Amino acid sequence: MKKNLISISLVTIGVLMASASVHAQTTLKESFKDDFLVGVALNESQFTGSNAREAALARAQFNSISPENVLKWESVHPEPDRYNFGPVDSYVEFGLKNNMVIIGHNLIWHQQTPKWVFQDDKGNPISRDALLERMRNHILTVVGRYKGKVGGWDVVNEALNEDGTLRQSPWEKIIGDDYLLKAYQFAKEADPNVQLYYNDYSLENASKREGAIALVKKLQAAGIPIAGVGLQGHYNLTWPTTNQLDETIKAFSKLGVKVMVTELDMDVLPPATRSQAAEVSMNFALRAELNPYTNGLPASVQQNLANRYADLFKVFVANRGVVARVTFWGVTDADSWRNDWPVKGRTAYPLLFNRDCRPKPAFDAVIKTSGHL
Ligand code: G3I
């Protein structure tokens, strides 16, 4: 009896050690190397190495990076005659040092663009030509600086409304609908060899997807070699369905473009709104019932998260060849924007690594879909 107990516990220890060594050896980038790149969005503390643990985790697990904020207009070009390239240079250096595919996010967006971009000295709206000139200078300067280093750019981000029509952004109002075409032309002029992407959320919904398809066709007809469409991938446990996702990937593939999942994370918290839009301006008051897991995620929800991630990765793997990259929007749960959106100050669990940089059950579930566990 005693002998049996000893051998059972030896087996248990063996299993635990084996699983620990699986974690030590298994990486996302290695597991999916025949399928697609696996990327991650980095903040400044990670690519400068001041958060050494998260920097090491990013180096170990991922082979592509996106800048969470430092390449947005307000950060890289805060004043008319001042560019803030320091943080971007560190970001690019991190990627080059670690042989990662470096993504540029983003050039033209309605958010995080300073007011001065659209105004003259007196605060009046500038003309179409003047705005086009500003847009061209910005794109040529930023893309030009990282030519040959950045592999692909989100040229225009979130240009569509949920019904598939063009968003009436300041870009659209001042320049007109062809602001998109111009942005892509300037990016191509700045670096003829770099990949150019269109990036948006909720493209899994048919109406918005149709708008994106029309947009890609229009760009292609005008001679823009658009390389890919980014599905941001700010998902939850029920949306989108695996069918919606599969249909969406296949619909873009028919246009001859790659699909990238560019900002993947998973909401497990109670919804504060029925909208699926990842619209950054949404902000709802914090209420206790919207923040139920401040002391940890219950095992059942942890399992739902793992199953859900596995279901999505099965769709990505089945569409390998079209899906060129899957990028997570953050390294660990601790640094995800989801903790502050659409409600500030919640405890969110959207990623594969916990606040202690350890892999969650969802990590194993994802690796399994590659056939490597
Ligand atoms: O850096 C300032 C800091 O100096 C200041 O003290 C602090 C006070 O609020 O704000 C800091 O800036 C914040 C920045 O993140 C860095 O943490 C901004 O307020 C905040 O709005 C900004 O949020 C980012 C958001 O985009 C808007 O740019 C999120 O981190 C980022 O994850 C999110 O990413 C977007 C994608 O670019 C596009 N798709 C949706 C996605 C999620 O919203």
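When a ligand or atom number is given, it counts from 1 through the structure's own listing order. Below, all heavy atoms of this structure are taken into account, side chains as well, without hydrogens, waters or symmetry copies. These figures come from a predicted structure and were not determined experimentally.
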### Query
Is it the case that W109 and E158 place a side-chain donor and acceptor less than 3.5 Å from each other?
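Yes, a side-chain donor-acceptor pair sits under 3.5 Å.
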### Query
Between W239 and N205, is any side-chain donor less than 3.5 angstrom from a side-chain acceptor?
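Result is yes, a qualifying pair exists.
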### Query
Taking 4.0 angstrom as the limit, do D333 and K360 come out as a salt bridge?
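Answer for the salt bridge query: yes.
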### Query
Between D200 and K208, is there a side-chain N and carboxylate O pair less than 4.0 Å apart?
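Yes.
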### Neighbour count above 12 (heavy atom, 6.0 Å) for D121 CG
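Counting other residues, nucleotides and ligands, CG of D121 stays at 12 neighbours or fewer.
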Where does ligand 1 get N/O contacts under 3.5 Å from the protein, atom by atom?
from, atom 1, to, atom 2, distance (Å)
ligand 1, 15 (O), N69, ND2, 3.4
ligand 1, 26 (O), K72, NZ, 2.8
ligand 1, 28 (O), N69, OD1, 3.3
ligand 1, 28 (O), K72, NZ, 2.9
ligand 1, 28 (O), Q112, NE2, 3.4
ligand 1, 30 (O), E68, OE2, 3.1
ligand 1, 30 (O), N69, ND2, 2.9
ligand 1, 32 (O), E68, OE2, 2.4
ligand 1, 32 (O), W329, NE1, 2.9
ligand 1, 34 (O), K72, NZ, 3.3
ligand 1, 34 (O), W329, NE1, 3.2
ligand 1, 37 (O), K72, NZ, 2.7
ligand 1, 37 (O), H105, NE2, 2.7
ligand 1, 39 (N), E158, OE2, 3.0
ligand 1, 39 (N), Q232, OE1, 3.0
ligand 1, 39 (N), Q232, NE2, 3.3
ligand 1, 39 (N), E263, OE1, 2.7
ligand 1, 39 (N), E263, OE2, 3.4

### R355 charged N/C atom sitting above Y349 aromatic ring, 6.0 Å / 45°
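Because its charged atom sits under 6.0 Å from the ring centre and within 45° of the axis, R355 does stack over Y349.
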